[in-house]
Amino acid sequence: MSNRKFRFAPSPTGYLHVGNARVAIANWLLARQVGGEFVLRLDDTDIERSKPEYAVAIEEDLRWLGLDWDSSFRQTERLQRYELSAEHLKETGRLYPCFESEEELAFKRERRRREGKPPLYDREALRMTPEQIEKAIANGKTPYWRFKLSPRIVEWEDGVLGRRTVKLTAISDPVLIRADGSFLYTFTSVVDDLETGITDVIRGEDHVTNTGVQLDIFEALGGLPKRLRFGHLPLLTDADGGQLSKRLGTMGLRQLRRDGMEPASITGYLAALGSSKDPVAAAPKDMVETYSLAAVSKSAARFDPKQLLALNRRYLHALPFEAVKEKLPEGADEAFWLAIRGNLDLLTEASHWFDAARGHIMPVEQPEERDFLKVALETLPMEPWNDDTWSAWSGALGQRTSRKGKALFLPLRRALTGEDHGPDLKTFLPLIGRERAASRLTQSMG
Ligand code: GLU
């Protein structure tokens with residue numbers, strides 16, 4: 001084991017979507033690549049929005065993707081640690097009490113805007129005397145607490161974005177503790193990264209400003225910022241370059257799973273997204289050697305569900321029976337799988353083809369084809385059937401009816417499978433068997 005330690009820190013306020021999954025995969029792959037540790041941390045200090053069922057679902061979804069972790073914890077288990085660190089910051093004058101209401105702050109922001117100044121917090125609370133603070137508290141006000149940012153520019157070498165700077169004087173002092181005593185993620189995350197020995201923070205580009213602020217808090221708590229490496233993954237957009245966040249509901253891992261998407265397609269696609277590499281479906285464990293943060297482009301990456309589906313299709317088409325048999329309908333054998341895999345977009349479609357092969361389907365009614373179907377029924381060969389049966393039968397039928405191409409094949413396919421398109425009948429017809437085929441031809445006459 002190396003001494004590198006990575007973490008994935010979702011807030012259990014909803015289900016994971018492809019954006020979170022991409023971050024989780026990157027952290028996991030990098031940790032495994034260097035023989036480091038991977039920690040799952042649940043950022044659940046927002047008590048109103050965090051739900052235990054989301055925490056359970058997050059773990060389930062990560063496992064489904066093929067990710068595991070060396071340890072995990074919830075932030076609400078560590079409230080005492082946050083109290084201690086907050087005390088330290090109060091003692092050193094970095095955390096100061098504030099009393100302004102939302103309305104007052106909005107008013108002040110507006111006034112600064114009118115004066116042509118940036119709408120920054122003016123640190124008025126920092127100028128309060130101890131007596132004024134006492135008086136405010138005696139008057140029934142409860143303070144919330146802001147962190148006093150250093151007047152400097154924070155710099156770091158980002159693993160994806162290159163050299164990055166954040167000018168702290170251009171940011172309002174962040175609130176770290178709410179009036180009800182609850183902690184904000186900006187703070188708890190730093191305490192955890194420091195105390196759990198995190199060395200690498202890989203997360204979304206939306207956290208770049210946070211990184212500047214958090215490095216300042218990190219140092220104020222006695223951390224050595226050089227210990228931390230950061231990598232910010234550019235945001236995902238939808239296929240047209242628009243904000244993906246609006247569609248994240250449909251891009252939830254749960255939804256993709258329900259749709260029948262293979263986890264390997266998702267992980268392979270997300271690992272290659274925004275890089276020069278061509279995506280190939282692959283389980284995380286098969287990408288450990290090849291993944292590289294340096295290959296990720298600095299600009300936003302497009303998440304295109306059509307590309308993901310195409311990847312899934314290619315993957316299924318080559319998937320051996322052994323890899324899939326557990327997920328197929330009861331009774332499905334290798335011959336069935338090999339006959340249908342080339343026609344699947346999603347594995348869930350297999351059950352429809354299983355019904356078509358071994359169960360019941362509604363043949364397309366084609367009264368206009370009655371005469372043709374009658375001949376088809378009469379010429380239907382006796383069993384046993386094999387891979388030659390279809391060409392022998394359709395060949396003979398073609399000769400007798402002088403039909404060929406679509407006019408010959410489409411009515412048969414519709415009658416036998418209920419569909420216009422589907423598996424090659426050479427391999428599929430023997431799966432249907434004579435009895436079912438005969439009854440479908442009869443039904444299809446209408
Ligand atoms: N809980 C934060 C989020 O989901 C974590 C960000 C981070 O990785 O520090 O955005």
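What you see is a predicted model; the values in this text were computed from it and never measured. For ligands, and for the atoms within them, numbers begin at 1 and follow the listed sequence.
- Atom-to-atom distance recorded for Leu233:CG and Lys298:NZ is 12.5 Å, nearest 0.5 angstrom.
- Salt-bridge annotation for Asp68 and Arg32: present, with a side-chain N of the basic residue lying under 4.0 Å from a carboxylate O of the acidic one.
- Within the listing of ligand 1, atoms 1 (N), 4 (O) sit less than 4.0 angstrom from a heavy atom of Ser11.
- Checked by distance only, ligand 1 and Arg41 stay at 3.5 Å or farther apart across all their nitrogen or oxygen atoms.
- A donor-acceptor contact closer than 3.5 angstrom links the side chains of Arg203 and Thr211.
- Taking atom 6 (C) of ligand 1 as the reference point, the nearest protein heavy-atom neighbour is Tyr185 OH, 3.1 Å.
- Between Phe147 and Phe187, the distance separating the two ring centers is not shorter than 6.0 angstrom.
- For the pair Gln214 and ligand 1, no heavy-atom separation below 4.0 Å is found.
- The heavy-atom pair separating Pro10 from Leu40 by the smallest distance is CD-CD1, 3.9 Å.
- Taking only nitrogen or oxygen atoms, main chain and side chain alike, Ala9 reaches within less than 3.5 Å of ligand 1.
- With ligand atoms numbered from 1 in the order given, ligand 1 contributes 1 (N), 2 (C), 5 (C) to contacts under 4.0 Å with heavy atoms of Asp43.
- Outside the 6.0 Å centre-distance limit, the rings of Phe336 and Phe321 are not counted as a close aromatic pair.
- Atom 10 (O) of ligand 1 has its closest protein heavy atom at His207 NE2, 2.9 Å.
- The nearest protein atom to atom 8 (O) of ligand 1, hydrogens excluded, is given as Arg7 NH1, 2.7 Å; this is a heavy-atom distance.
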Discussion item. Walk me through whether Arg302 and Asp240 qualify under salt bridge (charged side-chain N to carboxylate O under 4.0 Å, His left out).
Written reply: CA-CA 8 Å; Arg302 279 169 200 242; Asp240 309 316; 5.9 Å; no
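- Applying the 4.0 Å criterion to heavy atoms of Arg203 picks out, from ligand 1, the atoms 7 (C), 8 (O), 9 (O).
- Contacts of Phe8 with ligand 1, taken as heavy-atom pairs under 4.0 Å, are absent altogether.
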